[in-house]
Each structure stands twice: as structure tokens, then as C-alpha cells.
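Below: one structure, written as C-alpha cells.
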Amino acid sequence: MSYLDEGHTIKSWLTSTDHKRIAILYAISISVFFFVGGAAATLIRLELATPAGDLVSHDTYNRLFTAHGVIMVWLFLIPSIPSVFGNFLLPLMIGAKDLAFPRLNLLSWYLYVAGGVLVLCALAAGGVDTGWTFYTPYSTMFSNGYVVLTLFGVFVTGFSSILTGLNFIVTVHHLRMPGMGWFRLPLFIWAIYATSLILVLATPVLAMTTLLLVAERLWHIGVFDPALGGDPILFQHLFWFYSHPAVYIMVLPAMGVASEIIPCFARQRIFGYRFMAYAILGIASIGFLVWGHHMFVSGQSMAASMVFSLLSFLVAIPSAIKVFNWTATLYKGSLRFEAPMLYALGFVGLFMIGGLTGLFLASLALDVHLTDTYFVVSHFHYIMVGGTVMAYFGALHFWWPKVTGKLVPDLWARIAAVLIFLGFNFTFFPQYLLGVAGMPRRYHQYPPQFQVLHLLSSAGAVVLAIGYLLPLFYLAWSLRYGQRASANPWDARGLEWETSSPPPTHNFTHPPQLPERVYDYDPTSPRAVAQ
Amino acid sequence: MNSTLAEASSIARSTDLLFGAMLLLCGVMAIGICFVLLFFCIRYRAGNRKVDRGVVGRKLGVELTWTLVPLALFIVIFTWAAHDFSELYRPPADALPISVEAKQWMWKLQHRNGKREINELHVPLGQPVKLVMSSQDAIHSFFVPAFRIKQDVVPGRYTTLWFTATQLGEFPLFCSEYCGSSHSQMIGRIVVLAPADFGRWLQAGTSQPSLAQYGYARFRQLGCSGCHAAGSTVHAPALEGLLGRTVHLQDGRTLVADENYIRDSILLPQKDVVAGFAPVMPSFAGQVSEEDIQGLVAWIRSTGGPQGAPR
Ligand code: HEM
Ligand SMILES: [Cu+2]
């Protein structure tokens, strides 16, 4: 009996401690937030089609981009891959029955939803206009939005992150099946493990920062207010100390996903497995030391800027290694291009462009011109949307048969993958050009010379939106009419494919066999297609 | 080219050169990787029968190469960019000081002779200009794309920015740090005039006292002169020629007196007590306005001293 048949009532889902069911709870709630955040993005792009700012008022526009940023960052990007696929796959991939603390896992989900609902309440009540970065003193002294309520929502979801991270770390340490050493872990598990370390170490700083901000706003305690001896730059240090590593919370799991999909569809061992694992650890640890690169023009000291710039170049090295190794994995393989592979290759391309443009921003003298322009907007969308969201969709298509027991209609899935890739570039590439031309970000109106590029970007957003909506339909269709999936429809390696699709409640009916080595693919023997 | 993207300051050229080099380097990398990726995708597609496949083992040499070569390249770029960056904070000693105050949602500028402008800044061609900036409310950012310069303007402290305009004309000035409702309308322009025209413009229609005169008047009204003037009974350091001078402090530190030091000495006098003096100065927080501080700084600047010190 599969985990899906373990009870069909709402209650059986809302009280389940099965990691697989909790993963599905996350998937549903995260999708809701993704579409709310996406609706805000659509309005933003519509508004920016003309320079005059004639669709919505200033204040509405400012609330829209804040809502978009807050929802996408805290309610979609950060939890997306870890909470959905980490939850579903971590025990399966290491041959365990569940996570170390199943009830804590359920509590994490409730905290996440509670935080999300608080944020939505703040929006419904009238919204916030601080930007997702909440810079002081604007957020503490001048904003007239629902800052405290929003921050409280973010604070609560932060606890969800911390608990999830703790749960994953303990699980990886204690519940690996007998004989499974560290270098027999799939790279997805390495990525989830490193992400969990960041979650546990960085999120408390976010919690503290939001509390200080709330206290400052309500009681003027003077930590950030210069009139009381405080310092607004201090807020930026605290904020980015969390929020820069948060970028790696978003992108490391995405790298893990690509490292599972690419070998499977290339029928080739991942190139340089150990380097890939070390690169993950390298990114996670150096990633803690680069937050100051958001502050090169803030007034921080020149010495600090130099150090942060140098470290930012260093963190690019392991990222470059990953791109090279994924490419090299294709060499002498036997490649098939079903939808998951298209998403994974799209991820590699977009991540590469996002990463390379990051080097422009790390270069001090160039950052002075480019920061706080659309160049930055484009850069982080390439990394976070091009990277994380592409990988999330890749994972969704790759593991859909495992999760639901149904195959995805591949033609439709490929069409969506291509639309998303093209629509994405069409939307965001013009924004690099806008940034170079000096268009500042967070502008509700803009000088008319920027209109052509803005219009292109808005047109691209339409294509992108269609690409994002398509999967909603064909995935729902497959739930009802899709072909039944076998245990291992892609002929993939990895323990999660050793059990039935969908898996039974306790994951394995027989203890799985520990494979000889990870990614034991062989391009000379054709894929066994068992549907 | 439109006026936002003109190369209109002395540093614009070197910034663009760096940008071009990065574009070349990253462009070659990106195109190279895309090419290899596509090439592999086509050559090793499952349907292709005439190709040699097989498990690929470890290739340590290859991996070390593509780790160390980027590392070397990155160190070169870092050094280049950091060098250009440090220039941005080394204003020439003769730079023309102009004070800038940002507030929601306008730029207020004041020249040395007291002439004021709003959302418009006239500067002479070919002469270094140094902006001493502070904000009355939120953080703003002074951004002139044609000059390739940008600096946040922060409440509670001075930040500075300097440039030499190299092209006559008008160039947009943006606020690039989100500062609330009308952030996107906090737009101004920089008007670059020939030096003679600038001189004429500066003299036209000012009846106000210069900023330094205003500052000196406040120096007396606020009672600063009671302690700091020569011959006063209270033992306090003389302020003439202070800006840019090295100051030794009570606790053994030394620092170079810049605008922020003067500001802090007025508002937080216990923070940096000068060696040899008792910490008796009261704080003037709440009694002085932003403008008063700007004026006092301008007066001290007008009394000479090394000035132009790096940040
Ligand atoms: C149709 C797709 C999207 C469009 C057209 C779009 C457009 C935009 C625009 C115009 C901004 C405001 C930039 C500014 O003025 O500061 C923005 C900000 C942002 N977007 Fe998107 N976006 C899209 C999808 C996404 C997705 C899927 C995510 C995350 C998964 C995301 C994450 C962000 C973040 C974090 C910000 C920063 C908010 C801020 O600081 O202003 N976006 N986006
Ligand atoms: Cu502003």
C-alpha cells in the first residue's frame, strides 16, 4: 500500500508525520505563494510597459514589488527545493524510514504556513512598501505600511527553516543505511546537508535582526537610528549576513538537483564527484564571508569593500567548477532529452549567465555604476529564477513519477521547458542592458529613453507566464489520466528508485541494496525502459 | 549615445575599459561553455550510432586547470577593479566642495558662496568637484550614470564623492537607493558649464551669505566661540585649519580630521576626545540643524588646512 493510500481524509494529511506527505503539503502551499508572487510580478511588468507610471499609484507600485520580493524570497525560493524534495527524498536516498524527527517536521510546516499567512494578512491589510530588504531608517521611521506584521511573518517562517535544517542534519548523520559512507552520498544529499548547515547557522541572525527592527520601529530603541547613536549601516550588515548566505540556501539544492538529473540522462557518471562535493562545502562556507559586497557604495570602509570583493571572487571558483563538471559529464555519454534534462540544461545555462554577471558586480569599480540598477535585478533573477526555479521544475518532472506514480506527458513538458527558457531570457536579458544604461531599480516611472527595453522585457514576461502556467494543467491532467509509472521509469541509479512508485509508507518493503558506487551509469549499455 | 550613458567624467573612461575587458572575458567563457555544451549534446545524443562512448574516469589535471586558471584571472580582475575603486575615494586637494542634502524627495545643493539649487547641480568643466553629502531622512543614493559614480547618502554621517566633468551638457542625476513613495521622481540633472560661464552663473543673483559665513555666524551664536576662540578661558582646541589635519586622541588613537569627525565632535563630543583636553564639551545634538553642521564644516574648511584627505 502506497503512502498516498494511507488515508484520504484532510485530517489524515494535516496530522501526518510521514515525510512524503509533508513534502506534498509543502508543495501545495509553496505553489500557492508562487502564483501570488507571480501575480504581483505580472502587475509590475504591466506597469513598466510605459514610462509614465499610469497603471497604479506610486504607493501601490512600491507595495507590489515589496510583496513580490517578500513572497518569492521567503515563501518560495528559500523553502522550495529543500522542503519539498529534500523532505521527500532525503530518507529515501539514504535508505531510511523517515526523517530523524517526524513530528518536528510537521511542526516546521505549520510554522511555515503560519508565517506565510501572517505575511498575506499584512498584504490584505494594505501591504508594505519597504522592499524585501527593509532598509532602515526608511522601514523604522518613514514607512507607513504593515512592517511589523510582515516582519513577524518572516520571523515565524525563519523558525520553520531552522527546524527543518536541524532535522536534515541529524538525519544525514544518524540514519544513513549501514555501510553508506560520506562519499557514497548522492550530491543532492550533500547539497541538502550543506544548505541545512546554512539554515541553522544563518537564520538565527535573521530572527535577531527582525526583532531589533520591530523594537526600533515600535519603541525607538536606537540601535539603527543615528539620532540616538545607532547606525543604519549596521542594519545592512546584519541583514546581509543572513540574506547573502540565503542565496546559497536557494541555489545549492538546485545544484544538487542538476547533479542527479544530468548523469541520469547522459548515462554517465558525474564528472569529478569529489570535487563536486568539496565545491558544495566550499560555496557554503565562503558564502558566509561575502555579505559586504551588497554594500560597496553604502559608506562602509574601503578596506572592508576590498576584502568582501576578493572573497566574492573566491566563491565564484567552486561555482565555476560545478558548471565545468556538469558540462564534462556529457562527454562520451549517451544523451536523451526528456523534459527533466531540458530543465537541467536550462538551469546550467542560466546559472552560468547569472554567475558571470555576478563577477561584474564583484568588481569594485564596476559595481559602483551597476549596483542598484536593473543589472542587479537581472543578475539575481538569473540566479534565483533561472537557477532555482528551473531546477525546481526539473526536480518536479524528474521525481513526479516517484511521488505520484504517474508519468508526465513528455511532449507538453518539453514545450513548457522550452517556453520557460526562451521567455526567461526574453524577459531578463533586456534588463542587463537597462542596468548598463543606468536605469535605477525600484522605479515606478522612468525616463522615456528606457522604454524600448522595458517593453521587450514585459513582452517576454508574457511568454514566461504561459510557460509557468502550462505545467499546472498537464501535471493535473497526469494525476488523473497519466500512464502508471514503474518503480524506475528513467532507469536511474539511487536508492529512491529501488522502491515502488509511489513508495510505501515506510519507504522500503525490503531493505535496499547498497550500490557499489554512486552514479553507476554506463553509456555503452542502453537504458532499460521499463514503464 | 543618450546623455545617461555618455562618458562624461574623468573616471568614466577607465570604468568602461574595465567593463569592456570583463565583457570580453566573460563573453568568451559563456560562448565557449555554450558551444561545448551544445556540441556534446549533438554529438553524444543517444541516436547517434557513429560515436565512441564510455565511462570517463577522474581527470585530476583537467580539474586543477579549470580551478587554478580562473583563480589567477580573478585575482587580476580584482586588483584592477580595486585599484580603480580606490581612485574614487581620493579627491584632489583642490576639489571644489559642494554640500548636498538629500531629503524625501529632492536633492538640495549648496555652493561655497551660499548659492543654492534644488534638483540641479551646476559644475565647471574640467575642475574636480567634491560633494559632501548627508541625508535628512532615509538613505538615498547619488547616482550619475554618465559619470559612472554612485554613493549612498546616509542620515547621521557624511559620505563624499568626487568627479571631474569632462563634457559640456546636461546629465541625469538619479536617486538609486529606494527611499519611499516618490523615489522614482527624485531625479535631477547635472549641468556642466565652461569655467567662465560657471563663474558667471555662480555670481548671478546671490544675496545670501556664503555657507562659511553662515557657519561662522552660527559658531558665535551657538557659543562655540566661547571655548574655541583664541584667548578664551576654557581650554579647547583651536579649529582653524583643522580639516585634513592629523589629530591625536586622549586614548592613544590618531585620526585624520574629516567632515565626519567634525560632525561627531559636535553631536557626540565624548566619542573622540583630543589628547591634552578635558572632555568638557557638551553635545549640541538637537540644537544644531543639518544645515548648521554643513555651515560649521564649511567655515572650518574656509580657514585652510591640508583638507582633501582620503576617507
Ligand atoms: C514573470 C516572472 C517575473 C517577473 C516579470 C519579475 C519581475 C520583477 C521586477 C520588475 C522586480 C522589481 C525590480 C525593482 O524595481 O527593484 C522584481 C524583483 C524581484 N523578483 Fe521578480 N519577477 C519574476 C519572477 C520572479 C520569481 C519567480 C522570483 C523568485 C522565485 C522573483 C524574485 C524576485 C526578487 C527576490 C525581487 C527583489 C525584490 C526587490 O528587491 O525589489 N521574481 N521582479
Ligand atoms: Cu532617494
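Chain letters run A, B, ... following the sequence lines, proteins first and then strands; every chain starts at 1.
By the 30° and 60° cut-offs, the orientation of the rings of A:F450 relative to B:F174 is tilted. Note on ring orientation: taking the six-membered ring where Trp is involved, the planes of A:F324 and B:W66 are tilted (angle from 30° to 60°).
The shortest heavy-atom contact between A:V297 and B:K150 is CG1-O, 3.7 Å. For the residue pair B:D52 and A:K332, the shortest heavy atom distance occurs at OD2-NZ, 3.3 Å. Contact detail for A:S305 and B:F85: the closest heavy-atom pair is CB-CE2, 3.9 Å. Between A:P137 and B:A138, the shortest heavy-atom contact is CG-CA, 4.0 Å. Shortest non-hydrogen contact noted between A:P523 and B:V55 is CD-CG2, 3.8 Å. Annotation for B:E63 and A:F271: closest pair CG-CE2, 3.8 Å, computed over non-hydrogen atoms.
Side-chain contact check for A:L330 versus B:C41: some heavy-atom pair is nearer than 4.5 Å.
In this structure, chain A has a heavy atom under 4.5 Å from the side chain of B:R157, while its backbone stays farther away. Interface residue B:V56: backbone and side-chain heavy atoms are both found under 4.5 Å from chain A. Using a 4.5 Å cut-off between heavy atoms, B:I187 contacts chain A through its side chain alone, with no backbone atom that close. Heavy atoms closer than 4.5 Å to chain A are found in the side chain of B:L60, but not in its backbone. Contact of B:E87 with chain A is not made at all, since no heavy-atom distance falls under 4.5 Å. Looking at A:S143, neither its backbone nor its side chain comes within 4.5 Å of chain B, counting heavy atoms on both sides. B:A30 touches chain A through backbone and side chain together, each having a heavy atom under 4.5 Å away. For B:L37, the parts sitting under 4.5 Å from any heavy atom of chain A are the backbone and the side chain alike. The contact between B:F74 and chain A is made by backbone and side chain atoms together, counting heavy-atom distances below 4.5 Å. Interface remark: B:S14 contributes no atoms to any contact with chain A (heavy atom separation under 4.5 Å).
When the candidates A:V348, A:T136, A:T371, A:L345 are compared by the number of heavy-atom contacts under 4.5 Å with chain B, A:T371 comes out ahead. Taking chain B as the reference chain and counting heavy-atom pairs below 4.5 Å, the highest number among A:D522, A:L310, A:D59, A:I321 is found for A:L310. Contact count against chain B (heavy-atom pairs under 4.5 Å) is highest for A:Q268 among A:M295, A:Q268, A:M439, A:R269. Of the listed residues A:T373, A:N144, A:L364, the one with more heavy-atom pairs under 4.5 angstrom with chain B than any other is A:L364.
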message: Under the criterion side-chain hydrogen bond (donor to acceptor under 3.5 Å, both in side chains), I'd like the reasoning laid out for B:Y178 against A:N62: C-alpha separation, chi angles, the key distance, then a yes or no.
response: CA-CA 9 Å; B:Y178 174 71; A:N62 297 343; 3.3 Å; yes
- prompt: Should B:S176 and A:R441 be marked as a side chain to side chain contact (heavy atoms under 4.5 Å, CB included) after you check the CA-CA gap, both sets of side-chain angles, and the distance that decides it?
  reply: CA-CA 7 Å; B:S176 64; A:R441 71 194 279 209; over 6 Å; no
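Ring centers of B:W105 and A:F142: at least 6.0 Å apart, outside the cut-off.
Side-chain polar atoms of B:Q185 and A:H444 form no donor-acceptor pair below 3.5 angstrom. Side chain to side chain, B:D152 and A:S298 fail the donor-acceptor criterion of an N or O pair below 3.5 Å.
Panel note: side chain B:R53, backbone A:G333; a donor-acceptor pair is recorded below 3.5 Å. Between the side chain of B:E177 and the backbone N or O of A:Y135, no donor-acceptor pair lies under 3.5 Å.
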